[in-house]
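For reference, the structure is listed below as structure tokens.
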Amino acid sequence: MNFHELHRPGAPLLLPNAWDVASAKLFAAAGHPAVGTTSLGVAAAAGRPDGVGATRAETLALARLLAALPCPVTVDIETGFSDDLTEVAGVAATLAGYGIAGINVEDAGGPPNVQVAKIAAIKEVAPGLFVNARTDTYWLGRGSYDETVRRLDAYVAAGADGVFVPGLRTPDTIRALVGAVDAPLNVLIASDGPTVTELAGLGVARISCGSLLYRAALTAAVGVLGAVASAGPLPADLLGYAEVARL
């Protein structure tokens, strides 16, 4: 099954988002049919800010390595790392050349015509690349449901293969968006939102973990460090040195 076919409303793709080669290989080895990247994880690991186009080089370098995974890979390119359409298209063409299956490109709440132009430029140079077009209307708390639909419709018309609305929490809104937009809907999993099973029942086609797994790894590391410092018990089920070294 190719990456496009993994987006099935009612039987959604659960996408783990990696921040390095080791995490990506572990997610693939766990049986997940595709792996994505998290822009926050990639940025934080490189000591750079997220969401401001500062990690183009790091993202491309990681993508080149992840292309060797035995499953499709989709890469978060923030807003395309530029507002220059030639540069955005160049990023997409480079990723497609590596063998990357898809990208996530966001509007950051900006003018939708900018996102439309980027999607069109991307599809012109990399028509086979799965473009997951993200709108941040709910993520940023800006804009209405109707504006969200207008943006998503425009992105699909420009060539987007899927649409992503992080920040959604309400089942009725999710169900309505599934029916309103002619493209697979991607939702970000959240502790205060519907579960994977509930999202499947609402017709969602893709569920992203975003930065959740990266943040969980950091939280666990700090917890283990605290246990070491306090001479407390250490986890007995950690990955072994040799197992990690093999990655």
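Predicted model, so just to flag it, every value in this text is computed and none were measured. For the numbers below, each heavy atom of this structure counts, side chains included, while hydrogens, waters and symmetry mates do not.
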Measuring only between side-chain heavy atoms, which start at C-beta, is Arg175 closer than 4.5 Å to Asp172? yes
Could you measure the distance from the CH2 atom of Trp19 to the OG atom of Ser39? Nearest 0.5 Å is fine. 13.5 Å
Scanning both residues in full, the closest heavy-atom pair of Val224 with Pro235 reads CG2-CG, 3.7 Å
What's the spacing between Ile174 CD1 and Leu177 CG if we round to 0.5 Å? 8.0 Å
Near Asn2 CG, under 6.0 Å, is it more than 12 heavy atoms from other residues, nucleotides or ligands? yes
Is there a donor-acceptor pair under 3.5 Å between the side chain of Gln115 and the backbone N or O of Pro112? no
From Ile189 atom CD1 to Leu168 atom CG, the distance as rounded to the nearest 0.5 Å: 11.5 Å
When hydrophobic residues are tied together by side-chain contacts of less than 4.5 Å, even through go-betweens, does Val116 share a cluster with Ile103? yes
ILVMFWY cluster, Leu40 and Leu188 together (side-chain gap under 4.5 Å): no
Excluding sequence neighbours, so at least two apart, what forms side-chain contact (heavy atoms from CB on, under 4.5 Å) with Leu239? Leu26, Glu243, Val244
For Tyr214, does its backbone N or O pair with a side-chain atom of Ser211 as donor and acceptor, under 3.5 Å? no
Using every non-hydrogen atom in the two residues, find where Ile100 and Val73 come nearest and quote the distance to one decimal. CG2-O, 3.2 Å
Parallel, tilted or perpendicular for His7 and Phe130, by the 30°/60° rule? parallel
Could you work out, with salt bridge (Lys or Arg N to Asp or Glu O under 4.0 Å) as the rule, every residue matching Arg169, not counting sequence neighbours? Asp192
Donor-acceptor under 3.5 Å (Asn186 side chain, Phe164 main chain): no
What distance do Tyr145 atom OH and Thr173 atom OG1 have between them, rounded to the nearest 0.5 Å? 7.5 Å
Which atom pair, heavy atoms only, marks the closest approach of Ala24 to Leu66? CB-CD2, 3.5 Å
Please set out all donor-acceptor pairs under 3.5 angstrom arising from side-chain atoms of residues 52-59, sequence neighbours excluded.
residue	atom	partner	partner atom	Å
Glu58	OE2	Arg48	NE	2.8
Thr59	OG1	Thr55	O	2.8

With sequence neighbours excluded, tell me which residues meet salt bridge (Lys or Arg N to Asp or Glu O under 4.0 Å) with Arg64. none
For residues Leu13 and Arg8, determine if any side-chain heavy atom of one lies less than 4.5 Å from a side-chain heavy atom of the other. no
Out of curiosity, Thr37 OG1 to Asp76 CG, how far, rounded to the nearest 0.5 Å? 5.0 Å
Tightest non-hydrogen contact, residues Ala180 and Val149, listed as CB-CG2, 4.3 Å
Tightest non-hydrogen contact, residues Pro49 and Ala43, listed as O-CB, 3.7 Å
Same apolar cluster: Leu6 and Leu14, side chain cutoff 4.5 Å: no
Is Leu218 reachable from Leu62 through a run of hydrophobic residues whose side-chain heavy atoms are each under 4.5 Å from the next? yes
With a 4.5 Å heavy-atom cut-off, do Leu213 and Asn17 have their side chains touching? no
After noting the C-alpha distance and the side-chain angles of Leu247 and Val21, does the key distance pass the side chain to side chain contact (heavy atoms under 4.5 Å, CB included) rule? CA-CA 8 Å; Leu247 297 173; Val21 173; over 6 Å; no
Would you say Val114 ends up clustered with Val156 if hydrophobic residues are merged whenever their side chains have heavy atoms under 4.5 Å apart, either directly or through other cluster members? no
Distance-minimising heavy-atom pair for Pro16 and Ala34: CD-O, 3.4 Å
Going from OG1 on Thr74 to CZ on Arg206, what distance comes out if it is rounded to the nearest 0.5 angstrom? 5.0 Å
Are the charged groups of Asp153 and Arg150 less than 4.0 angstrom apart, N to O? no
The side chain to side chain donor-acceptor pair (under 3.5 Å) partners of Thr135 (sequence neighbours excluded) come to Asp107
Of all pairs that satisfy salt bridge (Lys or Arg N to Asp or Glu O under 4.0 Å), the ones with a partner from residues 122-135, not counting sequence neighbours: Glu106-Arg134, Lys123-Asp161, Arg134-Asp136
